[in-house]
Amino acid sequence: MRKIVAPALARLYMGSFYLAMPVMPLLASLLFLRSKYVLEYRSTFKKLRIHAAAMQEGPAEHYFHDVMGRSPTVPQEIHGTCVQCGNCCMDRRCVFLEDVGGDKYQCGIYQSPFRKLSNCGSFPLNQRDIDRYACPSYTAGAVIPIHPERAAGVGYASRVPAP
């Protein structure tokens, strides 16, 4: 079911995104309390077009399939720390990504509670996320099922000692 619903929701989301693009710099300025998005309207709009193209390459569908759909392949542990390479920000094409020099990048809306509702708030979710953006600093631990005995095909009764 998720394989049908996630792509449909992604297409609906992207259609809405394109329709709202002319007012998005104003909305972003109001929502994130940063006037630069409306003051630099042309630049923001150009970045939004690049952002939208990057979203269509998979992040929109990933959000509806894995993030909202609660991916069944979430590992128990993710190891590493962010090195600010910008790869996970749609290969440095996110409208909110800011170059801070020295080949380092930071999220312009990182402190916003709304960011946590996006793909960004869940990166990396699994090894596929890490591979998709060639992340140089994160690794995923082994996928550990919640009920290992079920995964191994062992029934509950076999674990209960006989009276």
Side-chain angles (χ1 to χ4, degrees), residues 1-21 24-25 27-29 31-34 36-37 40-146 151:
M1 181 68 155
R2 245 188 317 175
K3 290 183 180 191
I4 296 169
V5 174
L9 287 172
R11 282 192 296 278
L12 179 65
Y13 172 76
M14 289 309 302
S16 301
F17 188 96
Y18 278 108
L19 288 174
M21 269 180 52
M24 278 189 179
L27 294 174
S29 286
L31 192 62
F32 303 118
L33 303 174
R34 300 201 59 194
K36 77 178 233 171
Y37 302 122
E40 300 171 10
Y41 182 89
R42 285 183 192 259
S43 173
T44 302
F45 191 80
K46 181 180 175 185
K47 289 178 181 179
L48 280 168
R49 288 181 31 216
I50 294 166
H51 183 99
M55 288 286 291
Q56 286 185 306
E57 292 174 8
E61 188 171 329
H62 165 66
Y63 180 75
F64 291 107
H65 186 269
D66 295 333
V67 179
M68 286 189 71
R70 304 290 184 222
S71 176
T73 57
V74 177
Q76 184 176 3
E77 291 186 38
I78 298 288
H79 304 280
T81 58
C82 178
V83 294
Q84 296 181 307
C85 68
N87 290 2
C88 63
C89 303
M90 296 184 296
D91 295 316
R92 298 186 192 110
R93 294 180 289 170
C94 177
V95 67
F96 302 114
L97 189 65
E98 298 174 356
D99 187 344
V100 293
D103 208 26
K104 300 278 184 190
Y105 300 85
Q106 70 183 18
C107 178
I109 61 168
Y110 186 82
Q111 300 302 325
S112 169
F114 298 106
R115 183 193 73 84
K116 302 211 182 321
L117 300 173
S118 69
N119 269 349
C120 310
S122 66
F123 185 85
L125 188 63
N126 51 33
Q127 186 63 48
R128 194 171 66 229
D129 275 358
I130 295 166
D131 295 343
R132 175 185 293 129
Y133 295 113
C135 180
S137 62
Y138 283 106
T139 58
V143 175
I144 299 174
I146 295 172

**Request:** Work out which heavy atom in Pro59 is nearest to a heavy atom in Ala54; give both atom names and the distance.
**Result:** CD-O, 3.2 Å
**Request:** Please report the shortest heavy-atom distance between His79 and Gly141, naming the atom on each side.
**Result:** CD2-N, 4.2 Å
Donor-acceptor contacts under 3.5 Å from residues 100-112 side chains, at least two apart:
{"unit_1": "Lys104", "atom_1": "NZ", "unit_2": "Val83", "atom_2": "O", "d": "3.1"}
{"unit_1": "Ser112", "atom_1": "OG", "unit_2": "Phe114", "atom_2": "N", "d": "3.0"}

**Message:** Can you tell me how far apart CE (Met24) and OH (Tyr37) are? Round to the nearest 0.5 Å.
**Reply:** 13.0 Å
**Request:** Using side chain to side chain contact (heavy atoms under 4.5 Å, CB included) as the criterion, list what pairs up with Cys89, not counting sequence neighbours.
**Result:** Cys94, Leu97
**Message:** Given 3.5 Å as the limit, does a donor-acceptor pair link the side chain of Asp129 with the main chain of Phe123, or not?
**Reply:** no
**Asked** Side chains of Met90 and Tyr133: closer than 4.5 Å at any heavy-atom pair?
**Response** yes
**Item:** Rounded distance [0.5 Å steps], CG in Leu125 versus OH in Tyr63
**Value:** 11.5 Å
**Prompt:** Hey, is Arg34 close enough to Glu98 for a salt bridge, meaning N to O under 4.0 Å?
**Reply:** yes
**Asked** What heavy-atom pair brings Thr44 and Val95 nearest, and what distance separates the two atoms?
**Response** O-CG2, 4.0 Å
Under 3.5 Å donor-acceptor pairs involving side-chain atoms of residues 4-14, not counting sequence neighbours:
none

**Request:** Measure across Cys82 and Ser137 and return the closest heavy-atom pair with its distance rounded to 0.1 Å.
**Result:** CA-OG, 4.1 Å
**Item:** Worked check of side chain to side chain contact (heavy atoms under 4.5 Å, CB included) between Cys135 and Asn87
**Value:** CA-CA 6 Å; Cys135 180; Asn87 290 2; 5.7 Å; no
**Prompt:** Only one of Arg93, Arg132, His62 clears side-chain hydrogen bond (donor to acceptor under 3.5 Å, both in side chains) with Glu57; which?
**Reply:** Arg93
**Heavy-atom pair with the smallest gap, counting every atom of Pro124 and Ile78** = CG-CG2, 3.5 Å
**Asked** Using the ring of each side chain (for Trp, its six-membered ring), is His51 parallel, tilted or perpendicular to Phe17, with breaks at 30° and 60°?
**Response** parallel
**Fill in**
Closest non-hydrogen contact found for Tyr18 with Ala53 is OH-N, 4.0 Å
